[in-house]
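Reckoned from all heavy atoms, side chains included, excluding hydrogens, waters and symmetry mates. Whatever order the structure lists them in is the order used to number ligands and atoms, beginning at 1.
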Amino acid sequence: TTGLSALDQGFVNTASTKSAITYIDGDAGILRYRGYAIEDLARNSTYLETAWLLIYGELPTQSELAEFEDKIRRHTLLHEDLKTFFSALPHTAHPMSVLSSAVSALSTYYEDSLDPHNPEMVEMNTVRLLAKLPVIAAYAHKKSLGQAFLYPDNSLSFVENFLKLNFGNMAEPYEINPVLVNALERLLILHEDHEQNASTSTVRLVGSTEANMFASISAGINALYGPLHGGANEAVLTMLQQIHDSGESVQKFVERVKNKEDGVKLMGFGHRVYKNFDPRAKLVKESADEVLADLGVKDPLLDIAKELEEAALADEYFIQRKLYPNVDFYTGVIYKAMGFPARTFTVLFAIGRLPGWIAHWREAATDPATKIGRPQQLYVGPAARAWPSGR
Ligand code: SDX
């Protein structure tokens with residue numbers, strides 16, 4: 001922070017967090033992971049290569065990446081006892097509740113290696129979480145379907161394995177569809193980090209108390225669950241489905257949003273930082289057209305989404321409030337075309353965001369300068385008062 005203008009210095013002094021991981025310029029629509037543009041990463045990288053970049057700060061060499069992928073592949077199995085954990089939950093359990101509880105429970109198998117100040121343990125838990133979160137997610141999905149859990153297949157890549165765990169079954173071979181693999185790889189990369197969003201700030205805050213990595217990530221999953229944050233991708237699909245099923249015109253729905261009828265919002269629109277456009281939304285929209293065309297899927301919900309975007313971008317109400325599509329607006333249509341039920345969408349967001357959460361946890365929890373998090377407060381309550389006599 002040397003050589004900053006007085007204004008910037010003032011900002012730095014009040015900024016609650018300093019980080020070297022992700023840079024966002026909300027007005028210019030810029031998003032960079034460790035200096036690399038999201039557009040380059042989405043088009044050229046893989047989920048695990050970008051995860052390495054976020055966590056270690058540099059792109060991995062070929063051998064570093066190969067070793068990282070292999071390590072993760074070899075840690076995908078869950079302890080058999082943990083599988084019975086799922087049987088205690090109703091099949092109607094929301095996958096995000098299953099995910100946060102299972103991640104918390106996961107730490108009980110590693111009580112001897114949770115020390116946040118032990119570098120080897122931090123490495124082990126980084127690999128354990130990256131390897132096991134997708135398996136837990138797939139088990140939550142299978143449980144909701146009443147289908148048997150599959151074991152990971154180490155002959156497959158990270159994304160291929162995840163798709164097979166979700167859509168394969170014991171009775172027949174599972175055919176890998178490269179369209180789904182490439183689209184999911186890109187979507188996961190687009191979600192890997194996003195600076196100090198609510199769930200990442202939660203992970204950093206919990207990690208600042210020297211709570212272990214699993215407890216911190218479980219807290220982040222719960223923060224992401226909220227419909228104003230990661231839960232928005234599921235809420236967008238519910239909104240599109242309701243417009244479709246009710247036969248209500250897009251214009252009528254937009255009017256209801258503008259009149260704030262029953263608190264209705266245009267889900268998937270707006271952002272705390274992006275006030276022109278969310279660069280990820282543009283890339284997701286590109287993928288939506290490609291994936292649905294490649295899969296030969298014609299989904300009226302995509303048409304409704306495009307109509308909604310067009311109507312909002314031409315409407316003074318949204319322009320004035322700088323409301324544009326965010327990363328969640330089009331993702332649900334793609335996930336649905338892939339075969340994921342809407343309730344699993346935010347779980348996919350969590351798998352995407354995991355490398356960013358881990359990178360931020362490591363940046364904060366392993367930095368000796370980190371103090372326990374304690375957001376500042378402006379007290380606006382009553383001044384000192386005497387106790388009423390005789391009470
Ligand atoms: C994510 O922070 C991150 O980086 C998050 C994320 C990440 O990668 O981690 O990008 C992921 O969470 C994306 C956001 C997903 N959420 C949604 O799509 C839910 C719908 N969006 C809104 O709830 C809202 O836009 C927020 C919460 C995302 C941002 O809210 P802001 O910037 O604090 O805006 P605000 O609530 O102060 O609203 C300003 C005005 C208000 O109108 P007025 O009171 O001035 O009349 O805009 C209106 C709001 O009513 N408004 C909306 C709206 N969002 C804001 N009106 C209709 N629809 C919306 N979506």
Return yes when at least one protein heavy atom is under 4.0 Å from [atom], and no when none is.
atom                    : answer
atom 33 (O) of ligand 1 : yes
atom 1 (C) of ligand 1  : yes
atom 36 (O) of ligand 1 : no
atom 29 (C) of ligand 1 : yes
atom 14 (C) of ligand 1 : yes
atom 51 (N) of ligand 1 : yes
atom 18 (O) of ligand 1 : yes

Mind checking whether [X] has an N or O less than 3.5 Å away from an N or O of ligand 1?
X      : value
Val257 : no
Leu323 : no
Ala232 : no
Met267 : no

Is the shortest distance from a heavy atom of [X] to ligand 1 less than 4.0 Å?
X      : answer
His191 : no
Asp328 : yes
Lys322 : no
Arg280 : yes
Glu195 : no

Aromatic rings [X] and [Y]: how do their planes relate, parallel, tilted or perpendicular, breaks at 30° and 60°?
X      : Y      : answer
His194 : Tyr274 : tilted
Phe162 : Phe340 : parallel
His191 : Tyr335 : tilted

Considering heavy atoms of the protein only, find what lies nearest to [atom] and give residue, atom and distance to 0.1 Å.
atom                    : answer
atom 5 (C) of ligand 1  : His271 NE2, 3.6 Å
atom 4 (O) of ligand 1  : His194 ND1, 2.6 Å
atom 31 (P) of ligand 1 : Arg272 CD, 3.5 Å
atom 12 (O) of ligand 1 : His229 ND1, 2.9 Å
atom 22 (C) of ligand 1 : Phe269 O, 3.9 Å

In terms of side-chain geometry, is the basic nitrogen of [X] or [Y] positioned less than 4.0 Å from the acidic oxygen of its partner?
X      : Y      : value
Asp289 : Lys285 : no
Glu192 : Arg280 : no
Glu286 : Arg43  : yes
Asp303 : Lys298 : yes

Thr331 and side chain to side chain contact (heavy atoms under 4.5 Å, CB included): which partner among Asn326, Leu348, Val284?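 For Thr331, the side chain to side chain contact (heavy atoms under 4.5 Å, CB included) test succeeds with only one of Asn326, Leu348, Val284, which is Val284.
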Name the one of Glu310, Lys258, Gln320 that satisfies side chain to side chain contact (heavy atoms under 4.5 Å, CB included) with Asp315?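 Output: one option passes, namely Lys258.
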Do Glu64 and Tyr56 have side-chain N/O donor and acceptor atoms under 3.5 Å apart? no
Would you say Lys142's side chain and Asn166's backbone share a donor-acceptor pair under 3.5 angstrom?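 Checking the backbone N and O of Asn166 against the side chain of Lys142, a donor-acceptor pair under 3.5 Å is found.
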Is a donor on one side and an acceptor on the other found under 3.5 Å between the side chain of Thr50 and the backbone of Tyr47?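 No.
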Residue pair Ser208 / Leu205: nearest heavy atoms and the distance that separates them: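 Heavy-atom minimum between the residues: OG-O, 2.6 Å.
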Same hydrophobic cluster for Val135 and Val181, using side-chain heavy-atom links shorter than 4.5 Å among ILVMFWY?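 Yes.
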Under 4.0 Å, heavy atoms only, figure out whether ligand 1 is touched by the backbone of Arg321, its side chain, both or neither.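 Near ligand 1, Arg321 shows its side chain, while the N, CA, C and O stay back.
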Where on Lys275 is there a heavy atom closer than 4.0 Å to ligand 1, on the side chain, on the backbone, on both, or on neither? side chain
